Protein chains: 2
Amino acid sequence: MGRPPGFDRREVLAAIEREFRRNGYDGTSLDGISAATGLGRGSLYAAFGDKHALFLAALGDYCDQDEASGAAALAGPDETAMERLRAYLIDSVDRQLNDPERLACMASRFTVELAGRDQDATARLRQGFDAQREALAGCLRAAQRNGDLDPAAEPVTLATLLVVDFRGIASLIGIGLDRAELVAVVDAALASLPVPRPSAAAS
Amino acid sequence: MGRPPGFDRREVLAAIEREFRRNGYDGTSLDGISAATGLGRGSLYAAFGDKHALFLAALGDYCDQDEASGAAALAGPDETAMERLRAYLIDSVDRQLNDPERLACMASRFTVELAGRDQDATARLRQGFDAQREALAGCLRAAQRNGDLDPAAEPVTLATLLVVDFRGIASLIGIGLDRAELVAVVDAALASLPVPRPSAAAS
DNA sequence: AACGATCTGGACTGTTCAGTAAAGAACCCC
DNA sequence: GGGGTTCTTTACTGAACAGTCCAGATCGTT
């Protein structure tokens with residue numbers, strides 16, 4: 001009963017996410033969001049609440065998708081764990097490079113902008129960080145099982161290092177590094193993972 | 001001739017820098033800067049120009065100091081190059097951890113916030129990036145000369161990787177990683193630098 | 001086809017913003 | 001100590017902001 005909403009929630013959230021991603025939290029106005037989504041302010045307030053709630057909805061939606069796609073990209077058989085790792089990192093570089101505005105991902109951007117200021121956002125970002133790190137750690141454990149990685153290495157620490165690399169690269173793309181440099185950095189990061197001791201030969 | 005300014009330019013720039021660093025570019029108001037510096041808007045405009053010029057002055061001042069202190073911390077005899085490298089990274093972690101608000105450094109913050117939007121700022125940040133990378137590359141070359149690092153490794157690529165680590169860590173401190181984790185990541189990053197081939201024994 | 005519930009979009013409010021202008025205070029030089 | 005130059009403060013302007021509200025449009029239900 002009553003009139004149904006005339007918009008697709010996912011589409012609207014995607015447009016909102018892009019608006020925040022481009023302009024930052026403070027730099028984004030409700031007028032801008034209204035223009036980007038085609039919805040009036042009244043509709044936005046009725047559907048999502050105030051600016052902060054609106055932002056959290058967009059951030060949550062982004063994180064949900066990011067966590068799911070990351071976990072999917074890194075899951076698979078032990079034999080190809082290292083390949084998946086490289087593909088995951090290269091893919092994130094290319095996705096940002098191919099973005100029409102080369103915008104950093106939501107996570108990188110708002111971890112810097114909102115940490116220590118917006119507890120709700122920080123909590124959601126922390127959850128995303130944990131998920132990304134755990135997905136990477138799982139892939140590293142697979143690589144260890146396959147003999148591609150020193151079994152004595154601590155997967156969580158190395159996974160943290162990879163997230164650090166991931167975020168650092170996302171930050172620095174905006175400064176003008178070209179694809180070749182970025183790929184070289186990714187390869188250097190992967191090449192530097194501890195190889196198995198010679199005594200413990202691989203299968 | 002005429003009345004001299006009643007403030008210390010460096011002090012004022014430091015206060016302005018902190019204000020921008022805490023609130024971001026869009027989140028910083030001239031009222032806030034006025035309160036933080038004790039100067040009226042008129043004085044600020046007369047001394048530095050508009051908000052953008054004011055920001056660039058603070059950013060430039062920060063970068064100048066950062067580049068100088070980084071180069072100084074990484075310069076020294078070949079024998080202790082690896083120690084300097086570790087001290088440099090640990091030191092940057094501690095400085096941010098000890099910051100009363102755990103604010104990320106100017107470079108990390110504004111590379112994310114202003115890339116692709118503020119050409120002047122991006123250019124200055126790029127210059128800072130190049131300086132940091134070159135200082136790190138110099139230290140890596142020293143380590144190579146001392147036999148601590150594979151002489152076949154490309155110092156600039158590894159230096160880029162270290163800047164990536166540096167920026168990534170700066171981003172992630174805000175998310176709540178504790179010091180032990182961060183130190184472990186720094187050590188993992190350093191441990192993973194390519195060691196010399198066994199055939200080429202050190203001096 | 002008419003009702004009522006829900007959605008929609010524009011108008012409105014009070015606040016804050018960046019930037020300007022002018023009046024007043026402080027200082028150096030002569 | 002006076003004059004002129006520079007600094008400092010305050011008040012002001014027009015625009016943009018977040019958030020609210022309501023009249024009208026739209027659709028499922030009966």
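This one's a predicted model, so the numbers in the text were calculated from it and none came from an experiment. Residue numbers start from 1 in every chain, and the chains themselves are labelled A, B, ... in the order their sequence lines are given, proteins ahead of strands.
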(request) Kindly indicate whether a cation-pi arrangement holds for A:Lys51 with A:Tyr25, taking the cut-offs as under 6.0 Å to the six-membered ring centre and within 45° of the axis. (result) yes
(message) Donor-acceptor check, side chain of B:Thr111 to backbone of B:Ser108, threshold 3.5 angstrom: yes or no?
(response) no
(request) Using atom CG of B:Asp26 as one end and atom P of D:dA15 as the other, report the distance to the nearest whole Å. (result) 20 Å
(message) Just the rounded figure in Å: distance from C1' of C:dG10 to CG of A:Leu44.
(response) 13 Å
(message) If we ignore hydrogens and angles and just use 3.5 Å, is the side chain of B:Gln144 paired with the main-chain N or O of B:Ala153 as donor and acceptor?
(response) yes
(message) From CG of A:Leu39 over to P of C:dC7, roughly how many Å is that when rounded to an integer?
(response) 11 Å
(message) Let me spell it out: for each of A:Arg41 and B:Arg41, pick the nucleotide of DNA chain D with the closest heavy atom. Which residue's pick is nearer the 5' end?
(response) B:Arg41
(request) Compute whether any side-chain donor of one residue and acceptor of the other, for A:Asp61 and A:Gln65, lie under 3.5 angstrom apart. (result) yes
(message) Looking only at the side chain of A:Lys51 (C-beta and beyond, no hydrogens), which of the listed nucleotides D:dA18, D:dT8, C:dT8 gets closest?
(response) D:dA18
(request) Indicate, with a heavy-atom threshold strictly under 4.0 Å, whether A:Thr28 touches base, sugar-phosphate, or nothing. (result) sugar-phosphate
(request) Answer with base, sugar-phosphate or nothing: what part of the nucleic acid does B:Ser43 contact at a heavy-atom distance below 4.0 Å? (result) base
(request) Quickly work out the B:Asp50 CG to D:dA15 P distance and round it to whole Å. (result) 18 Å
(request) For D:dA16, take OP1 and OP2 only and decide whether either is under 4.0 Å from a side-chain N or O of A:Ser29. (result) no
(message) Without decimals, in angstroms, what is the distance between B:Leu30 CG and D:dT9 P?
(response) 15 Å
(message) Pairing donors with acceptors under 3.5 angstrom, does anything connect the side chains of B:Gln132 and B:Tyr88?
(response) yes
(message) Between P on C:dC17 and CG on B:Leu54, what's the gap in Å once rounded to a whole number?
(response) 15 Å
(request) Specify the separation, in whole Å, of atom CG of B:Asp31 and atom C1' of D:dC17. (result) 14 Å
(request) Scan A:Gly38 against the nucleic acid and name what it touches under 4.0 Å (heavy atoms): base, sugar-phosphate only, or nothing. (result) sugar-phosphate
(message) Just the rounded figure in Å: distance from P of D:dA18 to OH of A:Tyr45.
(response) 7 Å
